[in-house]
2 protein chains.
Amino acid sequence: MNSTESDEIKADYNFISDALVDIYDQIMRIEESEIRKSRFKDITAKELHLVHTIGLHDHKTTSEVARILRLSKGTLTANLNNLERKGYITRITNQQDRRIINLALTSKGRLLYRAHYAFHRKLVEQCLKGFDGPAIKKMKQALINVEDFIGEVSAK
Amino acid sequence: MNSTESDEIKADYNFISDALVDIYDQIMRIEESEIRKSRFKDITAKELHLVHTIGLHDHKTTSEVARILRLSKGTLTANLNNLERKGYITRITNQQDRRIINLALTSKGRLLYRAHYAFHRKLVEQCLKGFDGPAIKKMKQALINVEDFIGEVSAK
DNA sequence: TAAAATAGTTTGATTCTCAAACTATTTTAG
DNA sequence: CTAAAATAGTTTGAGAATCAAACTATTTTA
């Protein structure tokens, strides 16, 4: 690799690094503002995140969801109370072990989940606009690499 | 495009969409835990973000930084008090207009900024491991597409 | 079957955030 | 010029979010 190539790649790395930092914040903000323009006006970004998690991991217990989201059980209880009151989630007492509460979305919750998921899909489609199959595979590989990196650092 | 290709691409889109959602949370968490293992044990993820912003936008005013981070001025003042007390930032009264405070990193703040930046670079390098020049350009294009999408949605 | 363990909730303290009132300074209008 | 309006940042008071620890109900274990 000659030094010109090296410098150019370095600049690309810096561009990608800088872009990543700010993009996510903006996406979070846009997600919230889009959802609040819709019929789901009473939902914050954090609640959206919780609905997403419960939708993705259907009928998990309160403790499992708390662990996934790295929230204390007390905090999750408070959040669940709000989402239950607003009609997005239900608590289902497990009949095999009545200490356990399984969490699920209501039909209103599922509507919100799908609207949110559709927004993400639209974002990804926009992101990969004009990419062919192999390019998409590359992108997938990059994300797998990040997941591996996260796994390594977490394991240390 | 035949239906098999279409289904495969759809699956890839779903994979990418799902992966993106959880990766960011994990990165934030790892960033904080890595920084707390280092000599900068007194820094939270939010403070790291603020130091990053002040480092990136040197000598901006308090109001400008508040706008960039979408924080109220009062909240930013509180955060700045903490970071000043811990020795990461300084407030510099602007001599042309003495209402204005310009924000800058101390040398300790710059050390933290560089350590954080290095972590990001390492993450990007890991992410693009084994990618050649054109593939890296594609990745850059994907991010530009996202930025455009964000711009469009924000402008609406 | 009594003790230990587990799941989730409640409680009390702490921290974070915001909007509005406030202080200090600069700009503008008369 | 100078009084009023505007602007930058801080302070204040209230409300929301979070956590750890104590607590309740239930199940498992010894």
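By convention in this document, chain letters (A, B, ...) are assigned in the order of the sequence lines, proteins followed by strands, and residues within each chain are numbered from 1. Just so you know, these numbers use all the heavy atoms, side chains as well, and skip hydrogens, waters and symmetry mates.
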To the nearest angstrom, the CD1-C1' distance between B/Ile100 and D/dT10 comes to 15 Å
Of the candidates D/dA8, C/dG8, C/dT17, the side chain of A/Ile101 sits closest to C/dG8
task: Scan side-chain atoms only and decide if B/Tyr24 and A/Asp25 contain a donor-acceptor pair under the 3.5 Å cut-off.
output: no
A/Lys73 NZ to D/dC23 C1', in whole Å, measures 11 Å
Exercise for review: Compare side-chain N and O positions of A/Lys46 against OP1 and OP2 of D/dT18 and report whether any pair is under 4.0 Å apart.
Suggested key: yes
- Item | Polar contact flag, side-chain donor to acceptor under 3.5 angstrom, A/His57-A/Glu64 | no
Between CZ of B/Arg85 and P of C/dT15 the distance, given in whole Å, is 10 Å
From CZ of A/Arg67 across to P of C/dA7 the rounded distance in Å is 11 Å
> Between A/Arg99 and D/dT24, is there a side-chain N or O to OP1/OP2 distance below 4.0 Å?
Replying inline: no
- Any Lys/Arg nitrogen of B/Glu125 or B/Arg121 sitting under 4.0 Å from an Asp/Glu carboxylate oxygen of the other? yes
Between A/Asp42 and A/Tyr88, is the side chain to side chain donor-acceptor pair (under 3.5 Å) condition met? List the steps.
CA-CA 11 Å; A/Asp42 55 355; A/Tyr88 292 94; 2.7 Å; yes
From CG of B/Leu80 across to P of D/dA8 the rounded distance in Å is 16 Å
Problem set entry | A/Glu34/A/Lys37 salt bridge by N-O under 4.0 Å criterion | yes
Can you tell me if B/Thr61 touches the phosphate of D/dA8, counting only side-chain N or O atoms and a distance under 4.0 Å to OP1 or OP2?
no
Review point. Do A/Arg98 side-chain and D/dT26 base share a donor-acceptor contact under 3.5 Å?
Key: no
A/Asn82 atom CG is separated from D/dA16 atom P, nearest whole Å, by 10 Å
When rounded to whole Å, the CG to P distance for the pair A/Asn94 and C/dT6 reads 17 Å
query = Across the strands shown, which category fits A/Thr77 at heavy-atom distances under 4.0 angstrom: base, sugar-phosphate, nothing?
reply = base
Mate of D/dT11 across any strand shown (Watson-Crick or G-U wobble, both atom pairs under 3.5 Å) is C/dA20
Across every strand shown, the nucleotide meeting Watson-Crick or G-U wobble geometry with D/dT26 (both distances under 3.5 Å) is C/dA5
B/Gln96 CD to C/dT27 P, in whole Å, measures 11 Å
Is any side-chain nitrogen or oxygen of A/Ser72 closer than 4.0 Å to OP1 or OP2 of D/dA20?
-> no
Quiz item: Counting only side-chain N and O atoms of B/Asn79, is one of them less than 4.0 Å from OP1 or OP2 of C/dT17?
Solution: yes
From the candidates C/dT9, C/dT25, D/dT11, the one with an atom nearest any side-chain atom of B/Asp97 is C/dT25
Exercise. Pick base, sugar-phosphate or nothing for A/Thr75, based on heavy-atom distances below 4.0 Å to the nucleic acid.
Key: base
